[in-house]
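These notes concern the structure reproduced below.
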Amino acid sequence: MALLAELESVGVDDDIAALVAVLVRPLFDIPYADGSVHYARFLERVRDHPAVRQIQMGGERWPALRILTTRLHRLLTQLPPAARTRRLTAMALVLFTLLADYERENIEQSVTAAAKTQSKKEIMAMLIGLLTAPASPADP
């Protein structure tokens with residue numbers, strides 16, 4: 001919520017890249033602050049469990065996530081509503097997988113700070129691209 005408030009205070013709360021950053025950036029650091037090394041890989045494995053699905057949808061316990069997904073849904077104007085929902089669902093799936101790969105490559109190995117930064121930027125770019133790609137042509 002603090003990151004969302006920060007976006008609003010500088011007037012970029014309607015920017016897709018900024019919203020994705022608020023969603024993703026904490027996941028690069030917070031789980032590992034206390035020494036965890038398997039957080040993303042765990043989420044990747046259990047992503048279909050009902051409790052994890054509730055997190056993906058925002059639920060009552062995750063108001064910031066609900067706000068983020070609502071804003072992203074509203075901003076994806078290049079897509080019809082059903083496609084917006086599919087893209088946001090796909091983003092969660094891809095996010096878990098990319099974070100697990102990041103964890104495998106960067107948390108347990110001796111990787112330079114520059115390489116970690118580059119990996120983070122690539123993950124952000126892939127997620128933003130997934131959301132902002134043009135709509136598929138309608139079936140004939």
Side-chain angles (χ1 to χ4, degrees):
M1 293 301 285
L3 293 173
L4 279 171
E6 197 174 303
L7 281 185
E8 289 176 4
S9 72
V10 295
V12 293
D13 58 319
D14 62 349
D15 179 77
I16 291 172
L19 291 169
V20 170
V22 165
L23 176 66
V24 177
R25 283 193 181 136
L27 295 172
F28 287 125
D29 301 314
I30 292 173
Y32 311 105
D34 293 326
S36 173
V37 294
H38 292 88
Y39 181 76
R41 287 174 279 183
F42 172 75
L43 286 179
E44 179 186 36
R45 295 282 183 167
V46 300
R47 69 177 173 77
D48 285 330
H49 188 278
V52 177
R53 281 222 159 296
Q54 181 183 9
I55 292 170
Q56 290 175 16
M57 303 312 287
E60 290 299 316
R61 292 182 53 204
W62 308 98
L65 182 57
R66 189 177 60 251
I67 292 167
L68 282 166
T69 56
T70 299
R71 287 184 183 172
L72 286 168
H73 194 279
R74 185 188 74 234
L75 291 170
L76 298 175
T77 56
Q78 84 281 14
L79 302 170
R84 295 174 195 187
T85 301
R86 281 192 303 275
R87 295 273 180 105
L88 288 168
T89 301
M91 185 184 71
L93 170 77
V94 171
L95 173 60
F96 285 152
T97 302
L98 291 173
L99 285 172
D101 283 347
Y102 172 83
E103 188 175 85
R104 282 182 199 96
E105 296 169 6
N106 294 284
I107 300 302
E108 291 184 342
Q109 299 177 20
S110 297
V111 176
T112 66
K116 286 181 183 181
T117 298
Q118 185 59 32
S119 292
K120 292 174 185 180
K121 287 179 181 178
E122 288 175 358
I123 289 170
M124 295 292 296
M126 286 186 272
L127 295 172
I128 294 164
L130 183 151
L131 292 176
T132 59
S136 299
D139 292 334

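Values below: all heavy atoms of this structure, side chains included; hydrogens, waters and symmetry mates excluded. Counting begins at 1 with the first residue of the sequence.
- Hydrophobic clustering (ILVMFWY, side-chain heavy atoms < 4.5 Å, transitive): V111 and L99 are in distinct clusters.
- Separation of atoms CG (L76) and OG1 (T85) is listed at 9.5 Å; rounding is to 0.5 Å.
- The OG1 atom of T97 sits 5.0 Å away from the CG atom of L93 when rounded to the nearest 0.5 Å.
- D101 pairs by the side chain to side chain donor-acceptor pair (under 3.5 Å) definition with R104, not counting sequence neighbours.
- Distance CG/L72 to CD1/I67: 12.0 Å, rounded to 0.5 Å.
- In this structure, Y102 OH and L95 CG are separated by 13.0 Å, a value rounded to the nearest 0.5 Å.
- Every residue meeting the salt bridge (Lys or Arg N to Asp or Glu O under 4.0 Å) condition with E8, not counting sequence neighbours, appears here in chain and number order: R71.
- The salt bridge (Lys or Arg N to Asp or Glu O under 4.0 Å) test applied to D34 returns no partner, not counting sequence neighbours.
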Next item on the list: Step by step, work out the side-chain contact (heavy atoms from CB on, under 4.5 Å) result for L7 and D14.
Entry: CA-CA 9 Å; L7 281 185; D14 62 349; over 6 Å; no
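- Listed by first and then second residue, the salt bridge (charged side-chain N to carboxylate O under 4.0 Å, His left out) pairs that reach into residues 75-91 come to none, sequence neighbours excluded.
- The CD1 atom of I128 sits 12.0 Å away from atom CD1 of I123, with the distance rounded to the nearest 0.5 Å.
- Take A64 and apply the side chain to side chain contact (heavy atoms under 4.5 Å, CB included) test, not counting sequence neighbours, and it matches M1, L4.
- The stretch residues 112-122 participates, sequence neighbours left out, in these salt bridge (charged side-chain N to carboxylate O under 4.0 Å, His left out) pairs: D29-K120.
- L98 and I30 are not part of a single hydrophobic cluster, where members link through side-chain heavy atoms under 4.5 Å apart.
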Report all side-chain donor-acceptor pairs from residues 15-26 shorter than 3.5 Å, counting only partners two or more places apart or in another chain.
| from | atom 1 | to | atom 2 | distance (Å) |
| --- | --- | --- | --- | --- |
| D15 | OD2 | A17 | N | 3.3 |
| D15 | OD2 | A18 | N | 2.7 |

